[in-house]
Amino acid sequence: MQTKLLRPSEDATALETAGALLRAGEVVGIPTETVYGLAANALDPDAVARIFAAKGRPQDNPLIVHIAALDDVDGIAAEFPPQAQALAQAFWPGPLTIILPKQDRIPMVTSGGLNTVGIRFPSHPMAQAIIRAAGVPLAAPSANTSGRPSTTTAQHVMEDLDGKIAAVVDGGPCTVGVESTVVSLCGARPRLLRPGGISLEQLQSVLGIVEVDRALREKIDDTEKVSAPGMKYRHYAPNAPVTVVVGPAQASADYIYAQLGENSGVLCFDECAQQFSGKAVVETFGPAEDKEEQAREVFDALRRFDDTDCTEIFAQCPSASGIGLAVANRIKKAAGFHVVDLTEGEA
Ligand code: AMP
Ligand code: MG
């Protein structure tokens with residue numbers, strides 16, 4: 001299959017073309033504010049099956065359903081409780097996915113066999129325009145090959161999926177850079193299943209107490225049944241194995257420096273790059289204190305290691321406040337939770 005690269009900046013019909021392909025049951029890579037999405041008609045099981053095939057995604061890993069108007073929730077969720085309405089009011093359109101009980105018209109293949117559905121109203125104007133042009137809600141996981149780092153440019157999407165999907169819409173680089181926050185409202189208490197573009201602190205400001213799923217902290221066994229099915233799989237990983245070093249920037253840089261071997265790579269804060277120059281393959285992902293920039297850069301930096309010949313990667317990691325929780329989660333997952341914590345034992 002020839003994958004079309006559609007450029008709305010040069011071609012006034014690009015978004016309409018994307019909508020027509022989606023209506024016809026095809027799969028299209030689309031820009032969103034978080035990462036690029038791999039979209040198909042969420043109501044069409046055959047179209048959704050093509051997403052799983054293109055990505056090589058396990059069937060039990062559910063997809064998020066994207067909408068372009070608040071009213072669209074009515075056709076997807078079986079109920080829209082007050083807590084969900086409060087979250088929608090505060091954070092939609094934006095990088096938040098809300099898990100609710102699903103209606104029967106959402107096919108089981110879309111929800112990964114669950115009776116619940118993740119819904120997101122993205123803020124990216126092109127994403128909204130494509131959903132409207134398609135005229136249906138769009139199921140869209142991240143537009144990467146399963147297991148690889150997510151994609152934040154149309155070029156990344158082409159790297160992974162050229163020849164496997166009908167088209168990619170080029171909307172430039174994503175402004176958030178990590179995926180949406182996933183919160184479930186299907187249990188007794190709101191539960192954070194995946195940290196993302198909306199911070200835990202922001203969720204707490206609307207919901208009060210929010211439980212944090214175990215899958216955020218530790219590796220989940222492949223055979224376990226978990227509330228965040230996507231979290232148990234290897235994710236975001238470059239080819240070389242990753243070790244994350246948690247702690248203050250200079251302390252973690254010094255620790256990593258002492259570990260460097262012949263073909264080491266280092267994912268580090270901008271300020272620490274100099275220390276590793278000439279000693280390792282160095283990829284930076286923003287200043288130590290700028291977690292927003294780290295979120296925008298982390299996947300691109302992880303991907304760049306695959307163009308090098310390094311055989312092991314050491315990664316610095318931000319602290320867990322704000323969007324740092326999401327950045328740290330992605331790096332730890334890239335490392336399969338292989339973490340050295342220099343702060344352990346500190347009060
Ligand atoms: P991705 O689209 O690649 O960012 O993955 C979507 C993530 O959303 C998956 O990892 C799932 O764990 C999560 N998700 C989507 N729908 C549901 C659901 N119904 N219940 C729990 N988690 C969900
Ligand atoms: Mg993904």
Side-chain angles (χ1 to χ4, degrees), residues 27-40 42 48 51-52 54-67 73 76-79 84 95-104 106-122 127 137-152 156-157 160-161 174 176-187 190-198 211-216 220 222 224-237 295 298-299 302-303 326 329-330 333-334:
V27 174
V28 178
I30 66 167
T32 82
E33 70 276 22
T34 56
V35 298
Y36 273 70
L38 196 58
V48 170
I51 297 178
F52 284 89
K55 277 186 67 108
R57 183 174 174 106
Q59 298 287 332
D60 67 346
N61 193 353
L63 308 182
I64 293 167
V65 176
H66 293 71
I67 57 175
V73 173
I76 298 169
E79 50 192 83
L96 177 70
T97 296
I98 306 175
I99 310 289
L100 293 168
K102 81 171 188 69
Q103 288 183 18
D104 290 342
I106 301 297
M108 278 292 179
V109 59
T110 300
S111 66
L114 301 172
N115 293 319
T116 57
V117 60
I119 307 177
R120 182 164 107 78
F121 181 171
L138 296 180
S142 50
N144 53 298
T145 298
S146 232
R148 290 208 74 206
S150 301
T151 53
T152 53
H156 290 162
V157 182
D160 278 20
L161 297 164
C174 300
V176 176
V178 290
E179 299 88 339
S180 60
T181 299
V182 178
V183 63
S184 171
L185 296 179
C186 295
R191 176 180 285 260
L192 177 65
L193 303 186
R194 177 176 75 182
I198 298 294
E211 290 179 354
V212 174
D213 203 84
R214 187 165 76 79
L216 268 63
I220 301 294
D222 275 10
E224 281 182 70
K225 181 139 185 64
V226 287
S227 45
M231 302 301 276
K232 72 184 176 192
Y233 294 108
R234 183 169 186 265
H235 247 82
Y236 313 123
V298 66
F299 286 132
L302 285 170
R303 279 179 170 265
N329 169 264
R330 303 311 187 271
K333 286 182 67 68

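What you are looking at is a predicted structure, and each value in this text was computed from that prediction instead of being measured. The residues of the chain are indexed from 1 along the displayed sequence. One-based numbering, in listed order, for ligands and for the atoms of each.
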Do side-chain atoms of [X] reach the backbone of [Y] as a donor and acceptor pair under 3.5 angstrom?
| X | Y | result |
| --- | --- | --- |
| Gln103 | Ala78 | no |
| Thr151 | His156 | no |
| Thr32 | Ala127 | no |
| Arg57 | Pro62 | yes |

For ligand 1, which atoms sit closer than 4.0 Å to a heavy atom of [X]?
| X | result |
| --- | --- |
| Arg194 | 1 (P), 4 (O), 5 (O), 6 (C), 7 (C) |
| Leu114 | 18 (C), 19 (N), 20 (N) |
| Ser142 | 1 (P), 2 (O), 3 (O) |
| Asn61 | 9 (C), 10 (O), 11 (C) |

Out of [options], whose heavy atom is nearest to [atom]?
| atom | options | answer |
| --- | --- | --- |
| atom 6 (C) of ligand 1 | Arg120, Lys55, Arg57, Lys102 | Arg57 |
| atom 8 (O) of ligand 1 | Thr34, Ile64, Leu100 | Ile64 |
| atom 17 (C) of ligand 1 | Thr116, Ile99, Ile119, Leu193 | Ile99 |
| atom 23 (C) of ligand 1 | Ala140, Pro62, Gly118 | Pro62 |

Q.
On a heavy-atom basis, which atom in Ile98 and which in Ala84 lie closest, and how many Å separate them?
A.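 In terms of heavy atoms, the two residues are closest at CD1-O, 3.9 Å.
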Q: Return the minimal non-hydrogen interatomic distance between Lys55 and Pro141, and the atom names on each side.
A: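 Distance-wise, the nearest heavy atoms are CD-CG, 3.6 Å.
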Among side-chain atoms of [X] and [Y], is any donor-acceptor pair under 3.5 angstrom?
| X | Y | answer |
| --- | --- | --- |
| Glu179 | Ser150 | yes |
| Arg148 | Asn144 | no |
| Ser180 | Thr97 | yes |

Q.
What count do you get for protein N, O or S atoms closer to the Mg ion (ligand 2) than 2.8 Å?
A.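 The number of such protein atoms is 1.
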Q.
Is any side-chain heavy atom of Arg330 closer than 4.5 Å to one of Arg194?
A.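 Counting from C-beta outward, Arg194 and Arg330 do come under 4.5 Å.
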